[in-house]
Amino acid sequence: MVDFLNWFGKSSEKDNLETTQTAQIETLQRLFATHPSRGLTPARLAEIMHQAELGYVIAQHDLFVDMEEKDAHIFAEMSKRKRALLTVDWDIVPPRNASASEKKLAGYAKELIQDVPKFEDVILDCLDGIGHGFACLEVEWQMFGDERLPGKIMHRPQSWFQTDRATRSEIRLRDGTPDGAELWPLGWIVHVHKAKSGYLSRAGLHRILAWPYLFKNYSVGDLAEFLEIYGLPMRIGKYPAGTQEAEKNTLLQALVSLGHDAAGIIPEGMMIEIVEAAKGTHTPFEAMTSWAERSQSKAILGGTLTSQADGKSSTNALGKVHDDVRHDILQSDSVQLGSTLTRDLVFPLLTLNKGGISDLRRCPRFVFNVQETEDIGSFADALPKLVGIGMKIKADWAHERLGIPLSEDGDDILTIAQPQMLLPPAERSAVPDVNKAALSQGVPEIKPDIFADQVALDAVIEAIAPNMMQDQSADALKSVIQMIANSADYADVHQKLAEIFPSMNTQQLEETLARTMFVADIWGRISVQDEQA
């Protein structure tokens, strides 16, 4: 009985959700790695890659596993690459111009994914596809209350899979047939990760790393052999003509014992000659190893300085340049994995629990928040200036660039508790004294047209200026307040401010406006006090 459709419209039977596909193929459980890295040669590596292009990918993927196990540098760099996405936040976002119901559906999908056990392991296992070109995770669905969720999400070795013969791009499960078995709909998370374009068997990053890995292995082996004999004198045994084979073996054994035990015996008539110790340097071997590791770092992370592959040239400044390259790679990884999780996790969860989505374009999307936010201090300084010259900046754009979410109805909003908080920190402590000073100057009766009274204006300014500002700031403040007092309405104030703005120092204007607001606060307090009196 057909119950569900996957992203591509393929049908899935309900019974298939109660078990896993690999449980039906017993031969897969008895497969063991072939470890083709043992005795690997250039000819053997070329043959493994050629066979993979023809569709026989088992040896290639077994080799890739060996590479990460045996090469500590590859493991460390790949671990950085794969674990980078574990350090960023993720979200389920509704489609553009989303309706209220679509926003609610996205929130519901996020809650379901938060209930997926060990979801961090799912991300890490999917990113195994960076090296291999793909990663397949089998999903075992279970009922939790009224909701169907993944009970287990299990990573399956790439050697369990093959590609179809027709396109060499469709992943099939190995079941003994020439083309393999199609993967069950809704039963798998299949992450195809392209390090480069081409057939699936050639898209993995480990194809690029294989050759440096091989050459590095040769250099490390040669270095170990060199270190074994470096500094040891050459020992030569000499025997007379007609010596029997048994006596020759005795002489050879004595030479070997002399190297390890510094002692040995030989028959009479034979002799051992000690020649000058072997000379040489480890530099050529280390040069080849360093080249291989730098090549691997560049392929995996896009640079070498953040990994210190050369061991000496890493600097903080140059490392930041390489971090920028790494962010590009991180962003690419997040986009590819986000698309996979949308298709193979978000969509199935909604299909099984909400009945599916008729228009795939309206499906909520899984996204990683890898956008680099702007410096709040720089933005806080630049935005008022840009807005002041007439730029029309959308509030949601500023929120997005700063990584500050927009508030919703019912949210608590941060506000400035007191007007004096607009003042520089060094001047805030003087505010109480300023209030007292302003009120103790015998300010004339406060009326709505107070600033038409020059005496009242001077009294307020003189009370505040000595404690708060320099003379030139006081003059600027006085002129601005006088201009406001002489204006007919708000439109007139706006026009006059636009006229005097070009001639004013921007920093002085900012300070002046802050102090103007403070004066307005003082004026309001005096007015209230007068009315109460």
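What's counted below: heavy atoms across the whole structure, side chains too, no hydrogens, waters or symmetry copies. The chain is numbered in sequence order, starting from 1.
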Under the side-chain hydrogen bond (donor to acceptor under 3.5 Å, both in side chains) test, which residues partner Thr87, sequence neighbours left out? none
Looking at Phe161 and Cys136, what are the two nearest heavy atoms and their distance? CZ-CB, 3.4 Å
Please report the C-alpha distance between Leu112 and Phe144 in whole Å, then the side-chain angles of each, then the deciding distance to 0.1 Å, and finally whether the side-chain contact (heavy atoms from CB on, under 4.5 Å) criterion is met. CA-CA 11 Å; Leu112 292 179; Phe144 294 88; over 6 Å; no
Looking at OH of Tyr213 and OG of Ser295, how far apart are the two atoms once the value is rounded to the nearest 0.5 Å? 16.0 Å
Could you tell me whether the side chain of Leu137 reaches within less than 4.5 Å of the side chain of Ile153, counting heavy atoms only? yes
So, taking the atom named CD1 in Ile189 and the one named CE in Met154, what distance separates them when rounded to the nearest 0.5 Å? 10.5 Å
With side-chain contact (heavy atoms from CB on, under 4.5 Å) as the criterion, how do Leu85 and Ser334 come out once you've worked through the C-alpha distance, each side chain's angles and the decisive distance to 0.1 Å? CA-CA 7 Å; Leu85 281 180; Ser334 70; 3.7 Å; yes
Can you list every pair that meets salt bridge (Lys or Arg N to Asp or Glu O under 4.0 Å) and has a residue in residues 86-107, with sequence neighbours left out? Asp91-Lys110, Glu102-Arg362
Check whether any side-chain heavy atom of Gln296 lies under 4.5 Å from a side-chain heavy atom of Glu77, and answer yes or no. no
Over all atoms of both residues, closest heavy-atom pair of Met49 and Gln60: CA-OE1, 4.1 Å
Residue pair Val346 / Leu349, side-chain heavy-atom distance below 4.5 Å: no
Between Leu350 and Ala109, the two heavy atoms sitting closest are CD2-CB, 4.0 Å
I want to check something: taking the side chain as every heavy atom from C-beta on, are Leu105 and Lys354 in contact at a cut-off of under 4.5 Å? yes
Quick one: are Arg83 and Leu124 in side-chain contact, heavy atoms under 4.5 Å? yes
Could you tell me whether the side chains of Arg294 and Ser290 share a donor-acceptor contact shorter than 3.5 Å? yes
Output for pair (Leu200 CG, Ile171 CD1), nearest 0.5 Å, gives 5.0 Å
Restricting to non-hydrogen atoms, name the atom on Trp188 and the atom on Leu183 that form the minimum distance, rounded to 0.1 Å. CD1-CB, 3.6 Å
Could you tell me which non-hydrogen atom of Asn369 sits nearest to which non-hydrogen atom of Val88, and how far apart they are? O-CB, 3.9 Å
Checking side-chain contact (heavy atoms from CB on, under 4.5 Å) for the pair Met67/Leu209: CA distance, chi angles, key distance, verdict? CA-CA 9 Å; Met67 286 167 53; Leu209 302 177; 3.8 Å; yes
Using only atom types and a distance under 3.5 Å, with no angle test, would you say the side chain of Trp141 pairs donor to acceptor with the backbone of Leu186? yes
Count the heavy atoms belonging to other residues, nucleotides or ligands that lie under 6.0 Å from CZ of Arg172, then report whether that count exceeds 12. yes
By ring-ring contact (aromatic ring centres under 6.0 Å, His included) - contacts of His206 (at least two apart): Phe64, His132
What heavy-atom pair brings Ser169 and Tyr199 nearest, and what distance separates the two atoms? OG-CD2, 4.2 Å
Is the backbone of Arg202 close enough, under 3.5 Å, to the side chain of Lys196 for a donor and an acceptor to pair up by distance? yes
Find out whether His191 and Phe134 are in side-chain contact, i.e. whether some heavy atom of one side chain is under 4.5 Å from a heavy atom of the other. no
Mind checking salt bridge (charged side-chain N to carboxylate O under 4.0 Å, His left out) for Arg156 and listing every partner two or more places apart, or none if nothing turns up? Glu138
Flag for Tyr108-Glu147: side-chain donor and acceptor within less than 3.5 Å: yes
Steps toward side-chain hydrogen bond (donor to acceptor under 3.5 Å, both in side chains) verdict (His73, Ser297): CA-CA 8 Å; His73 187 76; Ser297 294; 2.8 Å; yes
For side-chain contact (heavy atoms from CB on, under 4.5 Å), just list the numbers for Gln142 and Arg148, CA-CA rounded to whole Å, side-chain angles, deciding distance to a tenth of an Å, and then say yes or no. CA-CA 6 Å; Gln142 296 179 9; Arg148 191 182 296 272; over 6 Å; no
Determine which pairs satisfy ring-ring contact (aromatic ring centres under 6.0 Å, His included) with at least one residue from residues 74-96, sequence neighbours left out, and list them in order. Trp90-Phe119, Trp90-Phe366
Would you mind listing every salt bridge (Lys or Arg N to Asp or Glu O under 4.0 Å) that reaches into residues 115-135, with sequence neighbours excluded? Lys82-Asp128
Are any non-hydrogen side-chain atoms of Ile329 and His327 less than 4.5 angstrom apart? no
So Ile300 and Ile130, do their side chains get closer than 4.5 Å, heavy atoms only? no
Got a second to check how far Leu149's CG is from Glu140's CD, nearest 0.5 Å? 13.0 Å
What is the distance from atom SG of Cys126 to atom CG of Leu345, rounded to the nearest 0.5 Å? 8.5 Å
Roughly how far, to the nearest 0.5 Å, is CD1 of Ile208 from CG of Leu205? 5.5 Å
